[in-house]
Every structure is written in structure tokens, then in C-alpha cells.
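Here's the structure we're looking at; comments come further down.
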Amino acid sequence: MKLQLIRNASLWLEYGGSTFLIDPMLGGQGSYPPIMKSGNDRRNPLVDLPGPVGGWLKPDAVIVTHLHNDHWDPAAASLLPKDVPLFCQHEDGEAVASQGFTAAVSIEHEAEFRGVRVTRTGGRHGTGIIGRQMGPVSGFVFRAPDEPVLYVAGDTIWCEEVREALDSHRPEVAVVNAGEARFAVGCPITMSEQDIVHLCGHAPGTKVVAVHMDAINHCLLTRDKLRERLEQKGLLGGVLIPSDGEQLHF
């Protein structure tokens with residue numbers, strides 16, 4: 001398995017003989033306005049792609065965990081081939097199809113692509129009213145012969161759904177969206193430092209890959225802050241914090 005962080009939550013995955021583009025946000029630096037009610041006016045994304053966009057436009061399949069702009073943006077919707085197999089959560093199937101994608105597959109529980117089994121998992125994109133307003137989100141677990149079990153958690157905080165996914169699927173690798181994204185009021189809507197500490201304590205045998213940092217204006221947890229906290233807790237050996245464009249091999 002080879003996993004490349006493109007930027008934010010966008011990943012390029014080589015797995016089971018196929019390539020998957022996950023949560024593509026392909027617009028250039030500053031293409032989009034700041035997240036509303038986020039307390040600062042920096043335009044998104046904060047950084048550019050780590051290479052020419054054309055390098056990520058011919059995957060065998062696309063995976064979209066949910067339709068927020070930093071996971072599925074207008075650039076991705078316009079640049080990707082309309083006939084590419086695209087897997088999304090059940091709630092987003094009609095919206096993706098309405099954008100002209102003719103091979104969109106809504107996953108309610110499980111799907112298969114060229115021998116790779118993809119299982120949907122749950123999550124919570126925040127708590128209380130904000131969490132409900134953020135809408136449904138999903139993670140996905142990948143399985144294939146001779147590959148490590150991979151859990152892509154999606155936009156979620158540490159919660160019962162994440163705990164259940166770890167217990168049920170026992171992934172060898174888990175990609176988590178950190179950044180502690182938040183608005184000017186309310187609790188974080190993606191994983192905080194403490195959330196990742198909880199996850200590492202609950203699943204010590206799982207190698208964690210922390211992404212979703214240093215790219216969107218309301219993600220206040222930086223790579224440097226997370227690395228410092230994990231080092232203090234003695235957990236840095238179990239967590240990888242890739243830079244944009246970095247490739248990881250498992």
C-alpha cells in the first residue's frame with residue numbers, strides 16, 4: 001500500500017492494484033473565501049497543491065466521504081472525468097450524479113471495486129447543534145488480499161462510532177482528520193490533540209496517519225503543535241504526520 005497526502009484531507013491511495021483519489025480538493029491557493037464565522041479572513045486553501053493538478057486526475061476510482069468544499073470542491077467536480085467510478089455515502093449519491101458523474105455509487109454499507117472491499121463507517125462532525133448542522137459524514141475501511149486493513153475516518157471527532165470502527169475492523173493503518181477545525185463559538189468538528197491521544201490509547205496496535213492540517217483557515221491545530229503534544233505523551237512513534245505531497249509506504 002502506498003498513501004500520499006496531497007493536501008488537507010485529499011489522498012492518493014495505491015491499494016490492491018488500483019489507485020484511489022480520496023476527498024479531492026483541487027482548487028488553487030486562495031480560490032475560495034474563508035469559512036464563515038471562523039474568526040479570521042484567510043482565503044482557502046491556505047497553500048497550493050504540491051504538484052501539477054494533472055497528476056491526480058486519472059485515478060481508477062474516487063472516494064468522497066462527504067460533500068463539504070474542502071473534501072469535494074468545484075475544481076474536482078469540473079476536472080475529473082465524468083465516467084470515473086465514484087463512491088460516496090448514501091446521502092450524497094443524488095448530488096454527485098446531478099454533477100454529471102455517470103458511474104457514481106452510493107455506499108450504504110459496503111461495496112467492492114476490482115477486488116477491494118470498501119465498508120462505510122460512521123462519525124460525528126462535531127457535537128450538539130453544530131454537529132447536526134454539519135450533516136452526515138462517513139469513513140471507509142479498505143480491505144484487499146496482501147494489503148493492510150486501512151481505515152480512513154473522514155471528518156469526525158473521537159466518538160463512539162470511531163471506537164466501534166476500530167474495534168470491529170481492527171485496522172493496521174488509520175488516517176484521521178486532525179486540525180481541530182472549529183468556528184468562533186462551539187467545540188471542534190474534527191479531531192483535536194486530545195482526540196488523537198484517546199485514539200492512540202484505544203488502538204495502540206494501529207499506525208495513525210494525521211492529516212487535515214495547515215490548509216484550511218478554521219483548522220487551528222498545526223502539524224507542529226500536534227507533533228509537540230504527541231512527543232510529550234510519548235506517542236509520536238505511533239503517529240505519522242505527513243507533509244503535503246509526502247508518500248507513505250506500508
Side-chain angles (χ1 to χ4, degrees), residues 1 3-11 13 22-23 25 35 38 46-47 65-66 68 70-71 121-128 130-131 134 137-142 148-183 186-244 246-250:
M1 178 178 88
L3 181 71
Q4 181 185 29
L5 171 63
I6 300 173
R7 177 185 59 189
N8 194 48
S10 301
L11 305 169
L13 172 65
I22 301 173
D23 280 355
M25 177 182 65
I35 301 295
S38 57
L46 304 178
V47 294
T65 61
H66 66 302
H68 288 167
D70 61 326
H71 297 257
T121 61
R124 300 182 194 177
H125 203 355
T127 57
I130 291 177
M134 297 303 290
V137 292
S138 294
F140 294 101
V141 174
F142 296 76
V149 178
L150 170 66
Y151 170 38
V152 176
D155 266 7
T156 181
I157 57 174
W158 173 250
C159 60
E160 185 60 32
E161 289 85 348
V162 173
R163 186 183 294 109
E164 289 176 356
L166 293 167
D167 292 346
S168 298
H169 300 284
R170 299 192 176 277
E172 292 154 83
V173 181
V175 180
V176 300
N177 290 350
E180 199 172 329
R182 64 194 311 155
F183 300 99
C187 297
I189 60 173
T190 62
M191 287 200 186
S192 65
E193 303 164 74
Q194 191 58 44
D195 285 342
I196 295 174
V197 169
H198 283 314
L199 189 152
C200 291
H202 186 80
T206 298
K207 178 67 77 172
V208 176
V209 180
V211 299
H212 202 274
M213 288 173 284
D214 300 319
I216 300 297
N217 77 299
H218 72 153
C219 292
L220 305 183
L221 174 62
T222 66
R223 292 183 177 100
D224 288 343
K225 288 181 182 177
L226 177 59
R227 192 175 289 112
E228 181 180 354
R229 175 67 180 278
L230 293 173
E231 190 169 20
Q232 291 170 353
K233 292 288 185 178
L235 296 172
L236 193 54
V239 182
L240 299 173
I241 306 174
S243 303
D244 293 348
E246 185 174 347
Q247 296 181 3
L248 306 174
H249 299 260
F250 300 92

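None of the values given here were measured: they were computed from a predicted structure. This chain uses plain numbering: 1 for the first residue, then up along the sequence. Atoms considered below: every heavy atom in the structure, side chains included; atoms not considered: hydrogens, waters and symmetry mates.
Residues satisfying the side chain to side chain donor-acceptor pair (under 3.5 Å) test with Gln4, not counting sequence neighbours, are Trp56. The side-chain contact (heavy atoms from CB on, under 4.5 Å) check on Ala153 picks up Tyr151, Thr156, Val176, with sequence neighbours excluded. Every residue two or more places apart in sequence or in another chain that forms a side chain to side chain donor-acceptor pair (under 3.5 Å) with Ser38 is listed here: Asn217. Considering only residues two or more places apart in sequence or on other chains, Arg163 meets the side-chain contact (heavy atoms from CB on, under 4.5 Å) condition with Trp158, Glu160, Asp167, His202. Leu220 is linked by a side-chain contact (heavy atoms from CB on, under 4.5 Å) to Arg182, counting only residues two or more places apart in sequence or in another chain. Applying the side chain to side chain donor-acceptor pair (under 3.5 Å) rule to His169 yields the partners Arg143; only residues at least two apart in sequence or on another chain are considered.
Taking CG from Leu3 and CG from Leu11, the interatomic distance works out to 5.0 Å, rounded to the nearest 0.5 Å. Rounding to the nearest 0.5 Å gives a distance of 7.0 Å between SG of Cys159 and CE of Met191. A distance of 10.5 Å separates CD1 of Ile6 from CD of Gln247, quoted to the nearest 0.5 Å. Of the inter-residue distances, the one linking Leu46 atom CG with Cys219 atom SG reads 8.5 Å to the nearest 0.5 angstrom.
Scanning both residues, Leu221 and Ser192, for their nearest heavy atoms gives CD2-C, 4.0 Å. Closest approach of Val208 and Cys200 over heavy atoms only: CG2-SG, 4.2 Å. The shortest non-hydrogen separation linking Leu5 to Ser10 is CD1-O, 3.6 Å. Heavy-atom minimum distance, Ile196 versus Ala178: CD1-CB, 3.7 Å. Nearest approach of Glu161 to Gly123, heavy atoms of both residues: CB-N, 3.7 Å. Contact record, Val209 with Val173: CG2-CG1, 4.0 Å, taken as the closest heavy-atom pair.
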Show me, pair by pair, the donor-acceptor contacts under 3.5 angstrom made by side chains of residues 225-244, not counting sequence neighbours?
unit_1 : atom_1 : unit_2 : atom_2 : d
Arg227 : NH1    : Asp224 : OD1    : 3.3
Arg229 : NH2    : Gln194 : OE1    : 2.5
Asp244 : OD1    : Arg223 : NH2    : 2.7

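Using a 4.5 Å heavy-atom threshold, the side chains of Leu150 and Pro171 count as separate. Residues Ile22 and Phe140 form no side-chain contact, since every pair of their non-hydrogen atoms from C-beta on lies 4.5 Å or further apart.
In this structure a side-chain-to-backbone donor-acceptor pair under 3.5 Å is missing from Arg7 to Ala215.
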Point to revise | Check against side chain to side chain contact (heavy atoms under 4.5 Å, CB included), Ile189 and His125 | key: CA-CA 5 Å; Ile189 60 173; His125 203 355; 3.7 Å; yes
Test Val149 against Val141 for side chain to side chain contact (heavy atoms under 4.5 Å, CB included), laying out the working first.
-> CA-CA 7 Å; Val149 178; Val141 174; 3.7 Å; yes
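Each ring-ring contact (aromatic ring centres under 6.0 Å, His included) pair with one or both residues in residues 212-240, not counting sequence neighbours, appears once here: His71-His212, Phe183-His218. Applying the salt bridge (charged side-chain N to carboxylate O under 4.0 Å, His left out) test to pairs two or more places apart or on separate chains, none has a residue in residues 203-212.
His66 and Asp155 form a side-chain donor-acceptor contact under 3.5 Å, judged by distance and modelled atom types alone. Between the side chains of Asp23 and Thr65, at least one donor-acceptor pair of N or O atoms lies under 3.5 Å.
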